[in-house]
Asks: 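What follows is a structure written as structure tokens; I'll ask about it next.
Order of listing sets the numbers, starting from 1, for every ligand and every atom in it.
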Amino acid sequence: MAKLFLGLDSSTQSLSAVVIDLDGNKIVCEKSINFDQAFPAYKTRNGVLPNRDPLVKHSSPLLWADALDALFAELKKDGVALEKVLAVSGCGQQHGSVYLNEKAAETLANLDPKKTLADNLSGVLARKTSPIWMDSSTAKECAEIRKKLGGIKFTASRTGSDTFERFTGPQIRKFYKTEPKAYEKTTSIALVSSFLASLLAGKIAPIDFGDGAGMNLMDIRRKNWNPDALKATAPGLIKKLPSLTDAGRTIGQVSPYFVTKYGLNPEALATVWTGDNPASVLGLGLTKPGQVAISLGTSDTFFGTMQKCQTDENGEGHVFGAPAGDYMSLICFKNGSLAREKVRELYGIKDWTAFGKMLEQTKPGNDGGILLPWFEAEIVPRVNQPGVHRFDLDEKNAAANCRAIFEAQMLSMRLHSQWMQVAPEKIFATGGASNDRALLQVMADVMNCRVVRIEVSKSAALGAALLAAHGWQVADGGAPKWEKLTASFCRPVAGSEIVPDKKAAKIYDKLLEKFAGCERDAMEM
Ligand code: XUL
């Protein structure tokens with residue numbers, strides 16, 4: 001009988017599923033439910049509820065529950081053999097939080113298949129909406145917690161990151177300060193990942209070390225709740241948090257709700273979920289220490305596995321627990337593809353192929369011309385005021401500006417990832433812009449490292465399916481190897497390897513110092 005595993009990914013705009021056949025080494029189904037399109041009654045835009053305050057970004061936990069029903073209904077309708085699924089795992093957009101009251105545990109244990117999940121849950125929310133990762137309304141709370149923990153360096157070395165507006169701890173503090181009665185009524189706080197895992201398991205699920213590290217509440221080295229961070233955040237918090245554990249660990253069998261309603265295997269294991277980034281690390285096949293991925297998307301991310309916990313003293317980067325190893329590091333650059341698009345539009349370049357050709361008309365290092373593309377306020381480095389800065393670069397020279405933006409993005413990644421102290425042997429490039437060889441050559445030269453392209457459309461959901469498979473094998477008494485598990489599903493695109501050009505790499509080694517100086521100057525402007 002085929003061994004099927006289901007991985008789910010509750011992201012900002014959609015809920016996705018990937019079903020894998022482990023012995024057949026193949027993905028048997030991929031499916032997505034778009035929140036705005038499937039559930040217009042919630043009035044979300046790109047998965048976010050409308051709000052007068054532009055800094056406030058919330059979504060609805062009932063919407064996520066509705067999407068879970070809709071996704072299972074679709075899988076059943078498509079004839080996916082849900083009766084053969086041996087385990088389910090998942091991941092969620094990081095940092096978002098769900099606030100449950102004292103009725104939650106009993107309701108979860110008795111989910112009624114005659115009702116929808118959202119109807120079952122209607123009386124268990126202590127807060128109607130959930131702040132998500134796009135929220136940046138907690139600057140004050142960040143400052144308060146950071147101060148109590150002794151500043152940026154100590155906050156980062158204890159919790160894995162400096163305080164960030166989107167992180168769960170500052171969000172909880174704001175809730176406690178602004179709605180103290182509702183905070184008091186909250187008996188259990190979940191992350192997006194652990195909330196959805198709770199529905200699958202029919203009981204309040206633990207939080208894993210990966211997503212837990214995105215809260216400013218977990219001791220990154222001891223992997224337990226940090227008493228000082230809890231104290232700095234809100235009173236009585238320890239009683240409201242579930243336990244912390246490894247992602248993929250078995251919680252129990254799936255709730256009978258999914259068995260009766262959708263024909264899910266009654267023996268299928270419900271397992272602990274993680275954050276979308278830790279899951280992507282698996283989905284892209286990064287299992288060995290020092291492996292690094294660069295994702296070129298709406299925002300660009302640089303992330304990799306890490307054996308020894310190394311935190312960022314400057315507080316720009318994050319360390320999370322990694323499902324397959326000890327740790328993962330992540331840096332998020334807000335001015336990614338949107339900034340590249342702005343430059344392309346500015347110079348009237350018709351498509352990305354033409355953009356790539358512009359790069360070929362110029363030389364590595366751009367004769368020292370530098371562009372700092374902060375079209376939006378930037379996360380790394382922290383720049384609150386948007387601004388585009390040129391140094392030794394003629395604004396009228398289209399080709400030089402095209403090269404300059406991508407060189408700047410790569411130099412910035414190199415500069416701001418130094419704290420990780422990893423010398424990657426190979427970079428896995430993914431995301432929209434990664435199918436442009438001219439861009440990947442710049443990446444290889446700036447990083448002085450071989451680059452391969454990975455093409456997985458749903459890397460987070462795939463990572464979650466692999467997590468389910470791993471969890472099931474462990475529960476079955478096996479000792480599965482991550483490398484073997486990921487090998488058949490995450491292979492680099494054939495012929496995509498790019499080797500750095502030695503001469504160009506030397507030019508970038510030198511340029512890095514000038515680039516750092518330009519960044520410093522621009523930030524002081
Ligand atoms: C990571 C972060 C985002 C979300 C997106 O810190 O905030 O990548 O996880 O879903």
Asks: Taking only distance into account, with no hydrogens and no angle test, what donor-acceptor pairs under 3.5 Å do side-chain atoms of residues 317-332 form with protein atoms, sequence neighbours excluded?
Replies:
from	atom 1	to	atom 2	distance (Å)
H318	ND1	S161	OG	2.9
H318	NE2	R166	NH2	3.0
Y327	OH	I220	O	2.8

Asks: Is it true that D228 and R158 have a side-chain N and a carboxylate O under 4.0 angstrom from each other?
Replies: yes

Asks: Return the closest protein heavy atom for atom 8 (O) of ligand 1 as residue, atom name and distance.
Replies: N277 ND2, 3.1 Å

Asks: Could you say whether the N/O atoms of D276 and ligand 1 ever approach to under 3.5 Å?
Replies: yes

Asks: Just which atoms of ligand 1 are under 4.0 Å from any heavy atom in Q93?
Replies: 10 (O)

Asks: Distance-only, no hydrogens or angles: does the T271 side chain make a donor-acceptor pair with backbone N or O of V88 under 3.5 Å?
Replies: yes

Asks: Does ligand 1 come near enough to H318 that some N or O of the ligand is less than 3.5 Å from an N or O of the residue?
Replies: no

Asks: Under 4.0 Å from a heavy atom of R166: give me the atoms of ligand 1 that qualify, with their elements.
Replies: 1 (C), 2 (C), 6 (O), 7 (O)

Asks: Does a side-chain N-to-carboxylate-O contact under 4.0 Å join R382 and E316?
Replies: no

Asks: Checking E313 now: which residues fulfil side chain to side chain contact (heavy atoms under 4.5 Å, CB included) with it, not counting sequence neighbours?
Replies: K153

Asks: What atoms of ligand 1 come within less than 4.0 Å of a heavy atom belonging to H95?
Replies: 1 (C), 2 (C), 6 (O), 7 (O)

